[in-house]
Amino acid sequence: MAELELRHLRAVRAVADGGSVSRAATVLGVSQPALTAQLKRIERILGGDLFVREPSGVRPTELGRFVLARADALLSDMQALVATARSHGEGVAETLKIGYVPLLIIGRFIEELGKTLDVQTYAEPASLTLLKLLSTGRVDVALLERFDGTEPHHYAGLTVWTLATEPIFVGIAQGHPAIHGGVVDLADLADVDWILPPPHENCVRVRFLQACAAAGFTPRVRHFTSEAGTAGTLIAQGAVCLAQAASAPPPGLVALPLAGDPLWTTLLFATREDDARTPATDEVFRCAEVAYVASRQRNPHFARWCRQHPEEPGERLVSAR
């Protein structure tokens with residue numbers, strides 16, 4: 001009879017966290033057919049179905065919940081064992097793997113890191129997927145945004161610091177009739193086409209809908225893309241999008257604050273708990289702080305906003321769970 005291995009438990013946990021085999025396959029870096037076949041082998045070993053397959057994805061069965069509860073404890077113990085063993089070993093320092101979602105501080109962040117550390121970087125558009133890459137050891141440090149819908153288990157085994165909390169701006173064409181004094185009232189965008197990231201990449205999807213509802217309208221979302229060039233073309237034609245405050249769009253487009261700052265985002269810096277107190281962590285966080293402060297000057301509208309709101313910094317070492 002085949003034996004159950006730790007990699008099998010990681011696969012089961014990835015399927016449960018992702019809610020589907022396809023998303024779990026992306027996190028684990030394998031093909032969907034390969035993961036499906038592996039899951040079937042695991043279920044044969046354990047003697048029953050671990051998940052109920054539904055049109056929207058999968059959910060754990062009673063057996064699945066039993067296995068997941070014990071898998072989490074075993075994986076945590078193994079992770080602690082590896083970390084402790086490494087701390088007693090002698091050898092060449094490993095390359096630090098940095099994972100990040102597309103943020104405007106990344107270029108300067110990597111530049112700062114390269115001054116003192118040997119790093120590799122991994123871009124991932126979805127914050128929830130990036131958290132899983134961190135928890136499974138595929139990256140050592142993650143820079144991401146707080147995502148609507150996160151739950152405690154998404155942060156299990158991680159230490160999360162708040163790098164910054166900042167307003168979300170709107171990307172809009174210069175001369176748009178909704179612009180008044182360098183500011184845009186969200187209510188004035190009720191009748192325009194909106195461009196949003198795909199739902200699994202949109203960290204503020206719930207907050208955005210709530211803000212629009214408070215402004216008295218349901219947004220007319222016509223376009224889903226995270227590609228800046230495509231979004232720029234659509235904005236030039238009259239559409240609008242949510243924008244990072246530090247955005248510096250090409251000529252003809254601007255990133256402007258929304259009146260009253262109805263939308264905010266939180267930039268997070270995350271490590272695994274067993275790595276959180278290493279010297280490299282403090283150095284990497286310092287690099288992120290330097291990069292963030294520098295980014296505020298990219299967009300003169302954000303620089304002005306910062307001068308007008310000097311008491312709006314992020315809070316270091318605040319858990320985001």
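Along the sequence shown, residues are numbered consecutively beginning with 1.
Using a distance-only test at 3.5 Å, with no hydrogens or angles considered, no donor-acceptor pair links the side chain of E145 to the main chain of S127. Between the R298 side chain and the A246 main chain, a donor and an acceptor come within less than 3.5 Å of each other. Side chain of T233 to main chain of G229: a donor-acceptor pair is present (N/O by atom type, distance under 3.5 Å, no hydrogens or angles). In terms of modelled atom types and a separation under 3.5 Å, the side chain of R108 and the main chain of L104 share no donor-acceptor contact. With hydrogens and angles disregarded, no donor-acceptor distance shorter than 3.5 Å links the side chain of H153 to the backbone of T150. Side chain of R138 to backbone of L133: no donor-acceptor contact under 3.5 angstrom is found. No donor-acceptor pair under 3.5 Å is formed between the side chain of E43 and the backbone N or O of Q38. Within the 3.5 Å criterion, the main-chain N or O of T95 finds no donor-acceptor partner in the side chain of D118. Distance alone, capped at 3.5 Å, places no donor-acceptor pair between the T162 side chain and the A164 backbone. R272 contributes a side-chain N or O that, together with a main-chain N or O of L134, makes up a donor-acceptor pair within less than 3.5 Å.
Linking ILVMFWY residues whenever their side-chain heavy atoms come closer than 4.5 Å, directly or via other members, places I168 and L258 in the same cluster.
Atom CG of N299 and atom SG of C306 lie 9.5 Å apart (nearest 0.5 Å). Remark: T136 OG1 to R7 CZ distance equals 15.5 Å, nearest 0.5 Å. Here L50 contributes atom CG and K40 contributes atom NZ; the two are 13.5 Å apart, rounded to the nearest 0.5 Å. From F147, atom CZ reaches atom CD of E201 across 8.5 Å, with rounding to the nearest 0.5 Å. A distance of 9.0 Å separates CZ of F217 from CG of D191, quoted to the nearest 0.5 Å. In this structure, CD1 on I98 lies 8.5 Å from CG on L143, to the nearest 0.5 angstrom.
Using a 4.0 Å cut-off between charged side-chain N and carboxylate O, D17 and R13 make a salt bridge. A salt bridge links D140 with K97; the closest basic N to acidic carboxylate O contact falls under 4.0 Å. A salt bridge does not link R286 with E289: none of the charged nitrogens is closer than 4.0 Å to a carboxylate oxygen.
Shortest non-hydrogen contact noted between L209 and P219 is CD2-CG, 3.8 Å. In this structure, A178 and D188 approach most closely via the heavy-atom pair CB-CB, 4.0 Å.
Using a 4.5 Å heavy-atom cutoff, the side chains of T271 and L158 are not in contact. Contact annotation: the side chain of V184 never approaches that of P257 to less than 4.5 Å [non-hydrogen atoms, C-beta and beyond]. Side-chain contact check for L63 versus V67: some heavy-atom pair is nearer than 4.5 Å. Annotation: side chain of I195 is in contact with side chain of I235 (closest heavy-atom distance under 4.5 Å).
Ring pair W305/H301: centre-to-centre distance not below 6.0 Å.
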Problem set entry | Worked check of side-chain contact (heavy atoms from CB on, under 4.5 Å) between L103 and Y292 | CA-CA 10 Å; L103 295 170; Y292 178 75; over 6 Å; no

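Side-chain contact check for Y122 and Q120: at least one donor-acceptor pair (N or O, by modelled atom type) lies under 3.5 Å.
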